[in-house]
Asks: 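Structure below; questions to follow.
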Amino acid sequence: MSNITTNKSMDGKKKPFPLCLQTAGLSNPASIDTYLSIGGYSAIKKILKEKISPETLINEIKISGLRGRGGAGFPTGLKWSFMSNGTKGDKYIVCNSDEGEPGTFKDRDIIRYNPHQIIEGMMIGAYIMGANVGYNYIHGEIWQEYLSFEDAIDEAKAAGFLGKKIQGSAFNFDLHAFHGYGAYICGEETALIESIEGKKGQPRFKPPFPATYGIYGKPTNVNNTETFASIPWIINNGGQAFLDLGVPNSGGTKIFSVSGHVNNPGNFEIQLGMPFEELLSLAGGVWKGNSLKAVIPGGPSTPLVKAEDMMGATMDYDGLSKIGSSLGAGSVIIMDDTTCMVQALKRLSYFFYEESCGQCTPCREGTGWIYRVIKRIVNGEGKIEDLALLKDVSQKVSGRTICALGDAAAVPVLSFIKHFEDEFRYYIRHGRSMIKGEND
């Protein structure tokens, strides 16, 4: 489905750099033989042979500057330090492959093309944190990837990388693929844990956090697919080498899923810090000769950015923060000058309304209010006061829910109206879009 960058450059500029997707251009990329041919499983072999301490490994990950690639951007080394290796009893490690937000499709390609790097990354994490069982929670709407990961687990077991006394060591680790049911809310780590336990996927109150009370009440670590897939490279090449691929506070590479109004949509793994203009060029530029109007740089739960601000930005955590948005999961949605922002917001608001689990009143009721008011505007029945109402409801939803879905639903409303209020006012006054062709 996706176009994938596979070329490297050593000229010092930020370039495409296949790290998590390094097998993508090879024959039979998902097989263990292909992964072994490029040095796969060498990191865990080295760790087990040399009995490298968990503290040494965590320090290397901290040096790397790796931050969670699922959207939150929390420092991985710090998160792993919360679950002590010395704690006795059962512990779990979970890979969150439940990407369900619009415009997000990177993790499925890592599973499709390089599943063994995920497995090795999870093994290293389990060794560091003392976990003996792991799960890869895979989004319910990508069945073939689930089957492919099951095949990879079987290959790893047959090669002696999973099970008891791995590679002749005292390290034991079993891994299972867990197929979700397509609920966006299960991308939230505690809702994911509830789902694994066989319950309805709804977020838990925090604290307690999963590091102390996770699956079946046991310490649990949850990290994104791309995060785990980055770990073997860091161990093999060093934390500083990974940090140097990116920019300060944004170490390494990142897969950006570029979709929308571009000629060449797909996944592009680049060194963090690349100018947005260059990423847009990799995606073939804006389609049909149209002009860029706006960009959602990290998925719909990150604020919309106008074209003039986006064209001067760099693709990293601080670069996007400077222009009032965030990197999120790296889901870059491109909008050209034919896009009606009112109708685009209606579609996004419907998504969050449909995906709210209903547990928290502000989110359950607020997302419904937001969608119905925007739908009223699109139907030509809006009032100018609706703009103030939308802002008020969004602000009252944000920060008042157990998980971040309420905040995610509010973000597009506030940013769309902030940057394109004139379009909303025109739609309300005239009962139609100001964008030519949108009313046909």
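Everything numeric here is computed off the predicted structure, so don't read it as measured data.
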Asks: Give, for atom OH of Tyr353 and atom SG of Cys363, the distance between the pair rounded to the nearest 0.5 Å.
Replies: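 The SG atom of Cys363 is 11.5 Å from OH of Tyr353, to the nearest 0.5 Å.
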Asks: Between Arg67 and Glu226, is there a side-chain N and carboxylate O pair less than 4.0 Å apart?
Replies: no
Asks: Can you tell me which residue among Met310, Lys306, Met311 is in a side chain to side chain contact (heavy atoms under 4.5 Å, CB included) with Val295?
Replies: Met310
Asks: Does one side chain, of Asn224 or Lys106, offer a donor that lies under 3.5 Å from an acceptor on the other?
Replies: yes
Asks: Would you call Lys200-Glu194 a salt bridge at under 4.0 Å N-O?
Replies: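 Between Glu194 and Lys200 there is no salt bridge, as every charged N stays at least 4.0 Å from the carboxylate O atoms.
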Asks: Salt bridge between Glu278 and Lys14, side-chain N to carboxylate O under 4.0 Å?
Replies: no
Asks: Decide yes or no for Ile435 and Glu423: does some side-chain heavy atom of the first lie under 4.5 Å from some side-chain heavy atom of the second?
Replies: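 Of all side-chain heavy-atom pairs linking Glu423 with Ile435, at least one is under 4.5 Å.
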Asks: Taking atom types as modelled and ignoring hydrogens, do the side chains of Ser42 and Asn236 form a donor-acceptor contact shorter than 3.5 angstrom?
Replies: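 A donor-acceptor contact under 3.5 Å links the two side chains.
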Asks: Quick one: does Lys79's side chain have a donor or acceptor within less than 3.5 Å of a partner on Val222's backbone?
Replies: yes
Asks: Do Asn114 side-chain atoms and Ile110 backbone N/O form a donor-acceptor pair below 3.5 Å?
Replies: no
Asks: Can you tell whether the side chains of Arg108 and Glu141 come within less than 4.0 Å, N to carboxylate O?
Replies: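 Salt bridge flag = no for Glu141 with Arg108.
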Asks: Considering only NZ, NE, NH1 and NH2 on the basic side and carboxylate oxygens on the acidic side, decide whether Lys206 and Glu188 come within less than 4.0 Å.
Replies: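 Yes, Lys206 and Glu188 are salt-bridged.
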Asks: Looking only at side-chain N and O atoms, does Thr34 offer a donor or acceptor that is under 3.5 Å from a partner on Asn28?
Replies: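 No - no donor-acceptor pair under 3.5 Å links their side chains.
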Asks: Are the side chains of Tyr135 and Leu175 in contact, using a 4.5 Å heavy-atom criterion?
Replies: no
